[in-house]
Amino acid sequence: VSAGRCGAAHPKPPQVTTRATRDGDATACSSSSAVPSPRPRRDYGALFRRAKQSGGNDKCPPLFLAPMEGLGDHRLRRALVLSTGGFDEACREFTRVPGTLSQGAKAEKLLRGIALNGYDARELMKLESNAGMGYHGTENDAGQRVEQKVRHAHQSLLAAQLMGSTSELLRQCAFVLATEGGAPRVDLNCGCPATVVTGKGAGSGLLRDPYLVEQCIAAVATGVCGTGCSVSLKMRSGFDDRSLLRDNLLAAQAGGAQFITLHPRTRKEGYTGHAHWDDIAFAVDLLDIPVVGNGDVTSPAKALRMLRETGCAGIMVGRGAVQDPLLFRRVKHAFDTDGDTLFLSREEEVREIKAFLNAFAAEAFVDDTGHGRESSSSRGGGTTSTNGSSISSSGSSRTTSTNASPTTGSNDGNTRGRKPKTNGELENYKLGKLKQICKYLFAGNPELREHVAEVLNASATRSAKDSEENDLSTATELLERINELVEKHWRAPEDVLVDAFSMRGGYENGMKAAR
């Protein structure tokens, strides 16, 4: 790839020497480096070979939890690990890398803060035991608390994802994540369809110019060179159409991606319609590196069909894992039993789903004062929260909250100086997190769908008249009601996809009409 979308020649991107195979055995380093790469922090080659070592029978490929900004944050990841589990690796939602730095800014200090803020590679490995978390504790005959180990303790590091369009800044952030952050891999986001992102040339906006795709992924590969950190890229089939799909795939491989994840919709399609799995099969045939399939995997049957129709090396699940928190385990069971749909009894499934809901609520509600759980840092002798370190004005590491309270804003950014929220605002925040999950969780069950309006109508600040019609005014009350509904109505979900991204306004209007 040597020309941009206007046909003008570009400077050649950083040269990257790759030893890539379909199994993912690859390293990516600047060709000028004479230092051999250390052992990879995660053996993705072995992970991808797993599905092939079955004597010709289908064996479950690696299952990835998709990075989902605004939905799949640390609360969801931790709740899944603390309850239903089943995935092989998760990736943190994207970190925005600015296009430019303000004049006079100290680049190294600023980019270090951006890269590390909210990221902790060991986020999910710290959950093997958790005292005081009631959703996985029991009472013995003497009435004493018995601490239990998390049933699905996660042993893999959390991958990181960068989103930007300025190669040098991407390189520096990737370097920080690989060296100080201990990331097992850094992924480049070429898939986000949001206009606020693509308007700045990032996310799926990169797909308008294959040269920029190659340049940016090469910059990430150069940044992690010699660290044991791997490089990957997540992309869509195109921006407005699929005309550059082949060029973008080859650009990603040439730039040093050790595997790619393809969501076979264009930016224009958003999350509407059906994913075009033929694009995944095309990528598998075209490339010499592994291809992970993503899009519309909402059932074990869909996962089996994606693997057989596309030959993909792995499967990534996003919204489907929120609609059905047991989906990863259902998929593994289907592969292990040649498509057997009998998984758990209804009573067992209800217990699992309620465990997930209570785990998610505990993560979303924890420590309303803004002081999260702290644990030993994976980056040295200090302390860091489960959600990572941010950088003080002096450049030294300071502790941030695992689940920062809404009184200080989002835990993923610098919120110093923001006005504390009122009790009503705080309660509505917690209500909002439960509503967000239930929009997806209730979608796959007709009987639960009938109660979506009831859940969405819960409010801590509504009028007295509204309060008479619906007494769900606290997050605790709403959680109890959701658990009651699950207990009564839960069934294995139907094959339904919720497109909350494309229907934000319409969905809310529809719920108002239903009420």
Side-chain angles (χ1 to χ4, degrees), residues 1 20-24 48 51-52 58-64 66-68 187-193 198 203-210 213-214 217 232-255 257-321 323 327 331 334-335 339 495-499 501-502:
V1 181
T21 71
R22 286 189 180 274
D23 290 334
F48 287 123
K52 299 181 179 180
D58 287 327
K59 188 171 182 179
C60 190
L63 302 178
F64 297 87
M68 296 178 284
D187 188 72
L188 178 65
N189 183 313
C190 294
C192 181
T198 60
S204 58
L206 285 173
L207 300 176
R208 291 174 288 193
D209 188 344
V213 172
E214 182 178 355
I217 193 64
S232 61
L233 179 144
K234 188 173 188 293
M235 61 180 285
R236 286 174 172 260
S237 292
F239 191 73
D240 285 330
D241 56 46
R242 290 170 164 72
S243 61
L244 292 175
L245 175 58
R246 182 179 187 277
D247 291 346
N248 282 321
L249 288 169
L250 291 173
Q253 179 173 271
Q258 292 162 248
F259 68 89
I260 70 151
T261 301
L262 179 60
H263 178 183
R265 288 183 173 92
T266 64
R267 187 280 318 175
K268 187 176 182 179
E269 289 172 318
Y271 297 91
T272 61
H274 296 286
H276 305 273
W277 288 356
D278 287 350
D279 291 350
I280 300 174
F282 173 78
V284 171
D285 289 340
L286 178 69
L287 300 179
D288 296 323
I289 57 177
V291 176
V292 175
N294 174 226
D296 293 4
V297 178
T298 54
S299 68
K302 287 280 191 72
L304 285 162
R305 187 160 67 85
M306 173 183 276
L307 184 70
R308 291 168 181 171
E309 291 183 4
T310 70
C312 60
I315 296 173
M316 181 174 284
V317 180
R319 294 172 291 161
Q323 289 177 220
L327 182 56
V331 169
F335 276 99
D495 240 343
V496 178
L497 270 174
V498 177
D499 181 13
F501 177 86
S502 302

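Position 1 is the first residue of the sequence; numbering continues from there.
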Under 3.5 Å, side chain of [X] to main-chain N/O of [Y], donor-acceptor pair present?
X    : Y    : answer
Q253 : D288 : yes
N189 : G203 : no
W277 : G295 : yes
D296 : A275 : yes

Mind checking the [atom1]-[atom2] spacing from [X] to [Y]? Nearest 0.5 Å is all I need.
X    : Y    : atom1 : atom2 : value
S204 : F239 : OG    : CZ    : 5.5 Å
C312 : I260 : SG    : CD1   : 11.0 Å
S232 : I289 : OG    : CD1   : 9.5 Å
T261 : I315 : OG1   : CD1   : 11.5 Å
L327 : R319 : CG    : CZ    : 12.5 Å
F64  : D187 : CZ    : CG    : 10.0 Å

Q.
Pairing donors with acceptors under 3.5 angstrom, does anything connect the side chains of D279 and S237?
A. yes
For the student: nearest non-hydrogen atoms of [X] and [Y], plus distance:
X    : Y    : value
G293 : I280 : CA-CD1, 3.7 Å
I217 : A251 : CG2-O, 4.2 Å
A313 : P61  : O-CB, 3.7 Å
R208 : T198 : NH2-O, 2.9 Å
L249 : A283 : CD1-CB, 3.7 Å
L233 : A252 : CD1-CB, 4.0 Å

(Q) Apply side-chain contact (heavy atoms from CB on, under 4.5 Å) to residues F259 and L287 and explain how you reach the verdict. (A) CA-CA 9 Å; F259 68 89; L287 300 179; over 6 Å; no
Q) Considering residues, nucleotides and ligands other than R305, do more than 12 of their heavy atoms fall under 6.0 Å from its CZ? A) yes
Is there a side-chain contact between [X] and [Y], using heavy atoms and a 4.5 Å cut-off?
X    : Y    : value
P264 : R236 : no
M235 : H263 : no
V317 : L63  : no

Q) Between F282 and H276, does the ring centre distance come in under 6.0 Å? A) no
Q.
Looking at D240 and R267, is there a salt bridge between them, counting it only when a charged N and a carboxylate O are closer than 4.0 Å?
A. yes
Q: For the pair E269 and R242, find out whether any cationic side-chain nitrogen is under 4.0 Å from an anionic carboxylate oxygen.
A: yes
Q.
Given the ring of F335, does R308 sit roughly above its face, with NZ or CZ under 6.0 Å from the centre of the six-membered ring and within 45° of the axis?
A. no
